[in-house]
Each structure stands twice: as structure tokens, then as C-alpha cells.
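Here is how names work: the chains are called A, B, and so on, in the same order as the sequence lines, proteins then strands, and each is numbered from 1.
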2 protein chains.
Amino acid sequence: MPNSALRRLPRVTEPAVEKISDKVAETGDTKSRILDAAEELFMEHGFEATSLRLITTAAGVNLAAVNYHFGSKEELFQAVLTRRLDPMNQDRLQLLTAYEADTAGKSGKGALTCEQIISAMFIPALKLARDHEQGGKNFLRLLGRAYADPAPFIREFLSNQYAEMITRFRAAFGRALPHLPREEVSWRLHFVMGALSYTLAGTDALKMIAQFHPEEVNNDELLLKRLAPFLAAGLRAPLQQASDAHQWFTEA
Amino acid sequence: MPNSALRRLPRVTEPAVEKISDKVAETGDTKSRILDAAEELFMEHGFEATSLRLITTAAGVNLAAVNYHFGSKEELFQAVLTRRLDPMNQDRLQLLTAYEADTAGKSGKGALTCEQIISAMFIPALKLARDHEQGGKNFLRLLGRAYADPAPFIREFLSNQYAEMITRFRAAFGRALPHLPREEVSWRLHFVMGALSYTLAGTDALKMIAQFHPEEVNNDELLLKRLAPFLAAGLRAPLQQASDAHQWFTEA
DNA sequence: GCTCGATTCAAACGATTGTTTGAAAACATC
DNA sequence: GATGTTTTCAAACAATCGTTTGAATCGAGC
């Protein structure tokens, strides 16, 4: 295990012609190279189907480096997630706080609009989607898939990572939609998070069929700008009364 | 390979006290026992993390039976999906056709409402959710997770399975929302499918936090009845004009 | 120059994976 | 009851997995 603090840079005396793998040469220290390669490969093949040998070869480091720096494959996966997820959720909370302070100062009784709350959720994700330099776009897909992964250690990890954010945003939506029961708000927040992560997961089977313009398929920015109004309208949908329930699924 | 047609029943002369595995004894012929066990275990652990030995032990059959009856692990997975997915999508198309014939006969110019089209998508899923006898509820979760699986053979399979259904429903939504550009309709249909499969996937990390009543967490019927109005409102959301785009994500 | 902790490396570990094999058993047909 | 096909079975296959080991190499501090 590394006591952190100091870490050696990769060997400088590399043979000039050497090509470590087919992938583009990674840069930075060993830990970052592993994280970068793992982020891309986990996104591409999933957790179980990605071997440590594939990751270390792509990163140009020794196989044992993963266990040395991260402890295990599972801990590596968590490190890949937490590197970007933690700052993103911090941004979300910070943005929500800024909005609340802003409207509270102006109109006294501050209740944000659904659009504002959704913006606080989406803008930090957009920042990653626009991050062409780093693997931000890769990460959004990886995150979307991690939600659906059945592995207990992944679900537990995400649950902890999102606990604070969910609580804060549920309260905000509750104030924005005071006519809705608290439980209905929880469900609709759940739908919002679901649609967001699913669409960000990206290369699903359905996109192939759905007749999109080619330049839009992998443009997360346009995607989020289409998704946001859709979800805002869903959040504001009138509450389904028990007496109206027969309107739905009458034949089921 | 089996020439199908006739298949032998499992051995009748079992020792009375024998307990093949910890799981409840499966019933039916070998092929069905494998499908049932695989459906539950794939749902629980995912495709990669589920070994054939785990499946065959739970089903009480020999390890080689999978390769004999299905050819490979991948083909087994496809068989598990197609067993319920094919009838469900057939039901959806049939229901949509029935609705269209009904309204065309009454009002001449027949354009279904969003609620009717969503019902045609949801009712067949509800039928599986209510199928307490068989593994219908398991299957919905398995299906939701299969959408997010990066394995190429899964994505290709689902793409083929859904091609006809997507085409038909996109046309229906297009007639129900004539003011929307065709591409916007495609995206919103994509959002609907995403929210549906994500919420059906079930045991995601977020449910743990979201403060649901315990009796509702695993009730797919209540879930769908809450999701349907949410999505119907989203589908009918006014089109986001380019001049209004600044309203969203101004700070991003 | 030497020591000491941090890091890298090649090699091997034991376990598990999906698949194949060939013989034994159960079946259907005559 | 013999024949031929279908199905089951125990055993082994080669490959790959995550992890561990112990020595080699590096950089910094005295």
C-alpha cells in the first residue's frame, strides 16, 4: 500500500519506438493512468467483463499496480466513480443553494421553480458532457450503467454517494410542488433521476432504431436540453386521483 | 443439439430425501428448468457474474445441459429474454392496433391520445408485473437491466426485438402530437422507454434513499400507475423554442 | 555512498470460467 | 426385445480471472 504523499513518475528512460498498447499513450502518474484507462474500459465493457490485465495494458503499467495503489478491483471501480461523481454532486448542491439564496432574497418566500431545480441537477452534468479534453463524456455513460448494475458493492456505494443530494433535492421539489403528497414527489424525483441516468448511459439498443439525426446521437448537450422540458412537464403533471384511475389501464 | 419435437421428462426415480440445491425445486422439463433458474439468477447477479454452474445447480440439471439445449451461455440469455419479451411486444402491437381500429371507427380521423398509446405500452408490462405465479416480476427487472448492459450481443438482440414496436409507436405518437417535429417525437419516445425500463429495473441504489412506503417499493403496478401520468405530461410538453433556450442552463 | 521507504516488475498462485468429450442412460420405433 | 436417436452425466479441457509474492529499481535524506 502506498503511504501516498509522494509518488514516483513513470520511467523516463523508455525506448523511443516502444508502443505499449494499441491505445493512445496515457499521461500522468501511474494512479491517474490507471483511472483513465479504467474509466474508458469499464464504460465500454462493464465491470465484470473488464479484466485488470486489459486495464493495465491500456494504461501501460504493471498488472500488480492496481492492487498496490487501490487494493482491489472493486476499490478501483469506486475510485473511478468517486473521482468525478463527488465533485459533480458537490456542484449540484452548491448550485441549488445559490438558487435558493437568490430567490429568497428577492421574493421573500422563496420556492424555486421546477426549471431551476432541474437546472441545478443538469448543469453539473452538462459540464462533464462538454468536457471534451478529459473523459467526462465517458464518465456519464459509465455512471448511467452503474445505476443498473446489480453488484451490491456498486449499489451501496452509489446509495451513499447520493444520499445527501437526494434529500436536498426532494425537499426543493416538495416546496416547488406543494400540492403534491410527499410520496408522489419522491416518486417523480425517482423518475427524473432514472430518465437522466438512462439517457446518459448512451449507447443503448433503442437509439439505433429511433431515427435520430446522426450529429445528435452522441451530443449530450442537445440531449439534456430536450430532456429537461420533458421532465419539467412531468413533474408538474396533475395528481392522478383515485377516481380517475380507471382512465388508465382499464383493460389490464 | 436437440431436434426438438420430443423431449424427455426429468428422471422420475429420484431419491425421496434428495435436495439438489438450496433453491426451491424447479418443475418442468430440463429446458424450462434452466430458463426459470437462469431468469432469476441473471436478474439477481447480471449476465457476466452468473456462472453456468450456478444456474445448472439451481435448476437441478447437469452442467452440460445448457450447451446441449441452448448452444452457449449467450444463446441461453437470449432465450430467457425472448421467452417473455416476444409475447409482450406482440401484445403491445395488438393492443395498439385495437385502439386505432376503435377510434378510427368512431371519429373518422383517428388519432389516439397519448394516454391510449402509453396504455398500449404499459398494459402488457403490467400483465407480467401481476404474474405472481411465474417469474414475470423477475423478468421485468432483468429486462430493465439488459437495456443498460454494454455487451454487444445483448444490445443487438434488443435492437432487433424492438425494431417493429418502436416504429409503430413512434408513428402513433407522431399522429398524437402533430405539432412536434418528427425528431422531437423520437426523442420523447426514447425518454419514455428509458424511464419505463429504468424504473422497472427495480432495485437501484436510489430507492433506498427516496423514502417510499415499504409496501410500494416492490409494487410494480402502483409504480406504473404513477409513471404513466408523469410521462404523458412530458410527452405533451410544449416544444422548446430556440429563443427560449436561454431559460435553461444559462450558467453552464 | 549509503540507507530506507516507495514503487515497479515478472512470475506464479489457486480458483473459476465456458465449453467439449465419450460413455451411460432413457426414450421411441419397429 | 433389438435398434437407433435423444438426452443425461461425470470428467476433463484450455483459458482467464483477481491476487500475491519477492526481488529489482527508483528517489530522497543523511
### Message
Once you apply a heavy-atom cut-off of 4.0 Å, does A:Ala65 come out as touching a base, just sugar-phosphate, or nothing?
### Response
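The residue A:Ala65 makes no contact with any strand.
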### Query
Taking the six-membered ring for Trp, are B:Phe77 and B:Phe47 parallel (under 30°), tilted (30 to 60°) or perpendicular (over 60°)?
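Ring orientation, 0 to 90° scale: perpendicular.
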Whole angstrom is fine here: how far is it from [atom1] in [X] over to [atom2] in [N]?
{"X": "A:Tyr68", "N": "C:dG5", "atom1": "OH", "atom2": "C1'", "answer": "9 Å"}
{"X": "B:Asn67", "N": "D:dA12", "atom1": "CG", "atom2": "C1'", "answer": "14 Å"}
{"X": "B:His69", "N": "C:dT20", "atom1": "NE2", "atom2": "C1'", "answer": "16 Å"}
{"X": "A:Phe70", "N": "D:dT19", "atom1": "CZ", "atom2": "C1'", "answer": "16 Å"}
{"X": "B:Arg33", "N": "D:dT7", "atom1": "CZ", "atom2": "P", "answer": "15 Å"}
{"X": "B:Phe77", "N": "C:dG18", "atom1": "CZ", "atom2": "P", "answer": "13 Å"}
{"X": "A:Lys73", "N": "C:dT16", "atom1": "NZ", "atom2": "P", "answer": "16 Å"}
{"X": "A:Leu63", "N": "C:dA11", "atom1": "CG", "atom2": "C1'", "answer": "10 Å"}

Closest to the [X] side chain, choosing from [options]:
{"X": "B:Ser51", "options": "D:dG18, C:dT20, C:dT17", "value": "C:dT17"}
{"X": "B:Asn62", "options": "C:dT19, D:dT7, D:dA10", "value": "D:dA10"}
{"X": "A:Leu52", "options": "D:dT19, D:dT6, C:dT17", "value": "D:dT19"}

### Query
Quick one: are B:Lys73 and B:Ile55 in side-chain contact, heavy atoms under 4.5 Å?
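A side-chain contact is absent here, since even the closest heavy-atom pair is not under 4.5 Å.
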### Task
Assess the side chains of B:Glu75 and B:Ser72: does a donor N or O sit below 3.5 Å from an acceptor N or O?
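B:Glu75 vs B:Ser72: donor-acceptor pair found between side chains.
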### Query
Would you say B:Thr30 reaches D:dT8's phosphate, i.e. side-chain N/O to OP1/OP2 under 4.0 Å?
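Yes, such a contact exists.
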### Smallest separation among heavy atoms of A:Leu52 and A:Asn67, with atom names
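Looking at all heavy atoms of both residues, the closest pair is CD1-ND2, 4.2 Å.
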